[in-house]
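When a residue number appears, it is its place in the shown sequence, counting from 1.
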Amino acid sequence: MENVFIFDHPLIQHKISLMRDKNTATKEFRELTTEVSRLMAYEVTRDLPLRTVEIETPVAVAQAKIIAGKTLALVPILRAGLGMVDGMLDLIPMAKVGHIGLYRDPETLKAVEYYCKLPEDVESRDVILLDPMLATGVSAVDAVSQLKKRNITSIKFVCVIAAPEGIENLHSTHPDVPIFCAAKDKCLNEDAYIVPGLGDAGDRLFGTK
Ligand code: URA
């Protein structure tokens, strides 16, 4: 599928296997999420434009490359997306961080935004939207729609584990948004959990269950 990138790096796969294990405790789970996010940041930023500047090394004048153009904003979807922020910031410390929170109205089944705080200049930034689990895709689709309503035109979606249903939903609704995931799992179960997945990422990150 065009615009969908699934990572197969051995280090990423190894760490995800540790995250899946139900015996992995909160502290280790959080550390692993950070490590996987850090490794993913490397790939997700592969297409950042560069420009040439002149610098003096101790030996000679060099034409050297630095990152050019638009800057980045990370936007975790609350709450599990928070677990991916530190790893990403390790590699892109110049990024600003916004937050978006959505819940599903049980009557209308529509997503309701309960919180959104974005950097002032977010329209001119490349936005990396973060959520470790792309399950049904409902929150990812709505989060992207909310960002687009605010005139944000450059959005990438980054998750750790994706279900085929979520990829299909997000990709068909927002085909312009590249999807990066570290693993694509088999399916969703009747409770919309990813199978085999890793359980509830928020609970595992924050120790709430
Ligand atoms: N959200 C999670 O945290 N886990 C799933 O399996 C699906 C959605």
Side-chain angles (χ1 to χ4, degrees), residues 1-17 19 30-51 65-100 118-119 121-135 137 139-141 143-148 150 152-164 166-171 173-185 194 198 201 205:
M1 206 184 270
E2 214 180 302
N3 243 4
V4 178
F5 305 93
I6 301 165
F7 298 141
D8 58 0
H9 195 288
L11 288 175
I12 293 181
Q13 297 311 309
H14 178 83
K15 289 176 194 300
I16 290 176
S17 299
M19 290 172 73
R30 201 181 292 138
E31 288 166 359
L32 287 162
T33 308
T34 295
E35 287 168 18
V36 168
S37 307
R38 190 183 298 134
L39 292 168
M40 292 186 83
Y42 184 78
E43 280 302 324
V44 170
T45 53
R46 178 173 285 282
D47 65 349
L48 284 183
L50 294 169
R51 66 186 172 89
K65 307 272 191 207
I66 60 167
I67 290 170
K70 292 206 277 184
T71 41
L72 297 168
L74 304 176
V75 179
I77 300 178
L78 302 176
R79 73 183 157 147
L82 292 172
M84 300 179 73
V85 172
D86 287 351
M88 290 266 158
L89 282 177
D90 284 345
L91 288 199
I92 37 177
M94 71 290 192
K96 295 210 171 156
V97 182
H99 296 86
I100 187 161
L118 301 172
D121 59 352
V122 71
E123 284 172 35
S124 63
R125 290 177 177 262
D126 292 320
V127 168
I128 301 178
L129 187 60
L130 304 171
D131 194 346
M133 308 300 274
L134 178 60
S139 13
V141 163
V144 171
S145 301
Q146 297 293 345
L147 296 179
K148 285 184 173 174
R150 291 169 168 89
I152 296 164
T153 52
S154 168
I155 304 169
K156 290 174 177 166
F157 181 82
V158 183
C159 61
V160 177
I161 299 182
I167 294 178
E168 175 56 36
N169 188 7
L170 180 56
H171 183 69
T173 319
H174 297 293
D176 55 307
V177 173
I179 302 171
F180 296 85
C181 60
K184 181 180 173 188
D185 275 10
I194 298 178
L198 47 71
L205 276 166

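- Here the closest non-hydrogen pair linking I12 and A182 is CG2-CB, 3.5 Å.
- Across all their heavy atoms, G98 and P76 have their closest contact at O-CD, 2.8 Å.
- For the pair M94/I67, a side-chain contact is recorded, criterion being any heavy-atom separation below 4.5 Å from C-beta on.
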Just do the side chain to side chain contact (heavy atoms under 4.5 Å, CB included) check on M19 and I161 with the steps written out, would you?
CA-CA 11 Å; M19 290 172 73; I161 299 182; over 6 Å; no
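- For the pair D176/T153, no side-chain contact is recorded, criterion being any heavy-atom separation below 4.5 Å from C-beta on.
- We find that R46 and E43 are joined by a salt bridge, their nearest charged nitrogen and carboxylate oxygen being less than 4.0 Å apart.
- In this structure, OG on S37 lies 11.0 Å from CD1 on I128, to the nearest 0.5 angstrom.
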What's the verdict on side chain to side chain contact (heavy atoms under 4.5 Å, CB included) for S145 and H174, showing C-alpha distance, side-chain angles and the deciding distance?
CA-CA 8 Å; S145 301; H174 297 293; 3.2 Å; yes
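- M133 has its side chain within reach of L198: a pair of non-hydrogen atoms, C-beta onward, lies under 4.5 Å apart.
- Checked by atom type and distance alone, the side chain of K156 pairs as donor or acceptor with a backbone atom of V44 at under 3.5 Å.
- You'll find the side chain of L74 stays beyond 4.5 Å of the side chain of M84, heavy atoms only.
- Minimum interatomic distance between L118 and I152 (heavy atoms only, all atoms of both residues): CD1-CD1, 4.1 Å.
- The distance from atom CE of M40 to atom OG1 of T33, rounded to the nearest 0.5 Å, is 11.5 Å.
- Within the 4.5 Å cutoff, the side chain of V127 has no heavy atoms near those of the R150 side chain.
- Under a cut-off of 6.0 angstrom, the local environment of NZ in K65 is sparse, with at most 12 non-hydrogen atoms contributed by other residues, nucleotides or ligands.
- In this structure the side chain of M1 never reaches within 4.5 angstrom of the side chain of I179, judged on heavy atoms.
- From N3, atom CG reaches atom CD1 of I167 across 12.0 Å, with rounding to the nearest 0.5 Å.
- Contact between A73 and R125 at its shortest, heavy atoms only, is CB-CD, 3.9 Å.
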Take V158 and F5, measure what side chain to side chain contact (heavy atoms under 4.5 Å, CB included) needs, and give me the verdict at the end.
CA-CA 10 Å; V158 183; F5 305 93; over 6 Å; no
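- When side chains are defined from C-beta on, L72 counts as touching L48, because their heavy atoms get closer than 4.5 Å.
- The two atoms that bring A183 and I16 nearest to each other are CB-CD1, 4.2 Å, heavy atoms only.
- The two residues F157 and V177 come nearest to each other via the heavy atoms N-CG1, 3.9 Å.
- D131 CG to I100 CD1: the interatomic distance, rounded to the nearest 0.5 Å, is 11.0 Å.
- Side-chain contact between L91 and T45 is absent, with no heavy atoms from C-beta onward closer than 4.5 Å.
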